[in-house]
There are 2 protein chains.
Amino acid sequence: MTEQPAQTTTAGDPATARGEQTRQLIRDTALRLFRERGYAQTTMRAIAQEAGVAVGNAYYYFGSKDHLIQEFYAQAQIEHRAAAQPVLDREEAFGPRLAGVLHAGIDVLTPSHEFAATFFKTAAEPTSPLSPFSAESSGPREAAIDLFGEVLTGSTAKVDAELRPQLPELLWLAYMGVILYWVHDRSPGQTKTRQLIDGAVPLVDRLVALSRLRVLRPVTRQVLDLIRTLRH
Amino acid sequence: MTEQPAQTTTAGDPATARGEQTRQLIRDTALRLFRERGYAQTTMRAIAQEAGVAVGNAYYYFGSKDHLIQEFYAQAQIEHRAAAQPVLDREEAFGPRLAGVLHAGIDVLTPSHEFAATFFKTAAEPTSPLSPFSAESSGPREAAIDLFGEVLTGSTAKVDAELRPQLPELLWLAYMGVILYWVHDRSPGQTKTRQLIDGAVPLVDRLVALSRLRVLRPVTRQVLDLIRTLRH
DNA sequence: GTCGGTAGTTGAACACGTTCAAGAAGGGCG
DNA sequence: CGCCCTTCTTGAACGTGTTCAACTACCGAC
């Protein structure tokens with residue numbers, strides 16, 4: 001609450017300084033209210049009032065209510081990366097690394113399960129900047145794909161040479177599938193999602209290993225060709 | 001436009017007669033405007049005005065604007081069924097039957113591509129009655145699953161006995177995946193989606209055939225166990 | 001210090017989805 | 001014909017996300 005005239009955050013912050021505090025204040029207030037009351041129940045007026053600013057001020061920093069969700073995205077991605085670090089340090093085999101990173105992602109999201117469920121509708125709209133496939137989301141998305149790249153590069157797994165460059169993105173896609181399941185998961189504590197991860201990872205692991213077999217080469221190539229055709 | 005006091009539609013219509021005409025008028029007007037202007041751009045006031053009724057009247061028949069989408073669902077499912085019939089009559093092999101039914105589904109949806117893209121956001125919300133997984137959508141959903149059941153039962157394909165009962169629902173799930181891709185497909189005429197179908201069907205076909213091999217039995221069983229655990 | 005311009009801030013106003021108290025229409029029954 | 005009850009219809013009013021013209025705070029230039 002006390003005045004903080006000097007920039008105390010990391011030096012060289014590229015953001016223009018003046019409104020940065022207000023921006024963060026609005027963002028933090030919004031994310032807190034989203035968690036407390038849910039997305040639909042949190043009005044822009046409530047966010048503004050709670051943050052002690054005018055409604056229009058929130059719109060100066062965030063183009064719409066939806067854009068506040070993108071802040072949630074970015075933060076979740078950062079926390080996911082941090083939560084995954086111990087796993088990447090500890091595990092060497094591909095399977096445990098993948099499982100660990102997937103579990104870490106769900107760990108991070110769990111406190112926001114109810115809230116996330118309601119807001120994922122916005123993310124699903126293709127034209128929305130909130131879509132995980134959109135250009136506006138490319139930052140967090142690429143960071144996430146890189147994370148799955150690390151799952152791979154740090155592991156002892158031997159992967160088909162053609163498959164390898166595609167695999168991080170495919171694993172990210174699988175992660176999106178896990179999240180889609182998680183969002184719909186009404187089991188207590190989302191236990192089912194954990195079972196999905198533990199059940200699917202060994203299958204993926206086996207599939208990746210099989211992709212190197214000579215007999216399966218044609219199939220592998222067929223699948224990869226299809227994927228290359230389909231991705232943008 | 002002329003008065004039509006007597007019930008001229010199929011006799012024994014279970015709906016209460018009085019407001020049925022109004023209901024259909026509102027529904028048809030809404031679906032037309034959705035196609036013409038898009039979902040977000042069509043206001044409830046516009047629907048009411050165009051249909052010549054009061055705004056509140058639309059809410060007497062449809063709980064919300066979203067509920068009008070469910071009408072679209074139902075209609076699309078019926079048209080899909082009809083469009084699939086020739087394929088089911090003509091083809092015998094599993095692959096062509098599946099491909100034909102998938103293409104028929106996209107055929108039916110194509111005129112509404114833009115509109116569908118915007119409204120799928122609502123469908124993605126788990127708590128929404130519009131979710132394809134929701135109880136309220138069980139009618140169209142089960143009809144769709146049955147359609148894929150017909151793809152299977154009418155075909156000459158030999159399927160693993162354990163897999164068979166699960167397969168229709170899995171094929172429907174794959175169809176949902178195709179639609180998800182189609183919604184995001186920005187290629188002219190959604191050509192990419194057609195390529196997805198033509199590329200993925202042979203793989204599914206091969207996979208289904210392989211499921212019977214003794215060597216792959218453990219994997220098949222593992223996958224089926226996982227699915228059984230996960231579905232509700 | 002004063003001026004000018006940019007960055008930041010305000011809150012009333014707008015369009016929308018939705019609700020609801022009030023009423024109209026219709027039909028069965030005496 | 002008059003009565004009552006259900007079904008249907010109305011449109012003003014509410015709360016929401018969003019916009020925007022006006023205003024204020026700050027900072028460098030002279």
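What you see is a predicted model, and the numbers here were worked out from it, not measured in a lab. Every chain is numbered from 1, with letters handed out A, B, ... down the list of sequences.
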Need to verify one output field. Residue with the more 5' nearest nucleotide on DNA chain D, A:Ala40 or A:Asn57?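 Final value for this comparison: A:Ala40.
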Hey, which sits more toward the 5' end of DNA chain D by its nearest nucleotide, A:Ser64 or B:Arg45?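 Per heavy-atom nearest nucleotide, the more 5' residue is B:Arg45.
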Rounded to the nearest angstrom, tell me the gap between atom [atom1] in [X] and atom [atom2] in [N].
{"X": "A:Glu20", "N": "C:dT9", "atom1": "CD", "atom2": "P", "result": "11 Å"}
{"X": "B:Tyr59", "N": "D:dT9", "atom1": "OH", "atom2": "P", "result": "17 Å"}
{"X": "A:Leu33", "N": "D:dT16", "atom1": "CG", "atom2": "P", "result": "13 Å"}
{"X": "B:His67", "N": "C:dG17", "atom1": "NE2", "atom2": "C1'", "result": "14 Å"}
{"X": "A:Met44", "N": "C:dA15", "atom1": "CE", "atom2": "P", "result": "20 Å"}
{"X": "B:Gln49", "N": "D:dG11", "atom1": "CD", "atom2": "C1'", "result": "13 Å"}
{"X": "B:Arg23", "N": "D:dC8", "atom1": "CZ", "atom2": "C1'", "result": "14 Å"}
{"X": "B:Gln41", "N": "C:dG17", "atom1": "CD", "atom2": "P", "result": "10 Å"}

I'd like to check [X] versus [Y] (side-chain heavy atoms, cut-off strictly below 4.5 Å). Are they in contact?
{"X": "B:His80", "Y": "B:Asp107", "value": "no"}
{"X": "B:Leu180", "Y": "B:His184", "value": "yes"}
{"X": "A:Met176", "Y": "A:Ile179", "value": "yes"}
{"X": "A:Phe62", "Y": "A:Gln70", "value": "no"}

Look at the side-chain N and O atoms of B:Thr22 and state whether any lies under 4.0 Å from the OP1 or OP2 oxygen of D:dT9.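 Yes, because at least one side-chain N or O of B:Thr22 sits under 4.0 Å from OP1 or OP2 of D:dT9.
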When you get a sec, tell me which of C:dG17, D:dT9, D:dT18 is the closest nucleotide to the side chain of A:Lys65?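 Minimum distance to the A:Lys65 side chain belongs to D:dT18.
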The side chain of A:Tyr60 lies closest to which of these nucleotides: D:dG17, C:dC16, C:dA7?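 Output: C:dA7.
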Counting any heavy atom closer than 4.0 Å, what does A:Val53 reach on the DNA or RNA strands: base, sugar-phosphate only, or nothing?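 Sugar-phosphate, no base atom in range.
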Reckon B:Phe62 touches a base, only the sugar-phosphate, or nothing at all at heavy-atom distances under 4.0 Å?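 Contact class for B:Phe62: none.
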Return the orientation label for the A:Phe148 and A:Tyr175 ring planes: parallel under 30°, perpendicular over 60°, tilted otherwise.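 Rings of A:Phe148 and A:Tyr175: tilted, as their planes differ by 30° to 60°.
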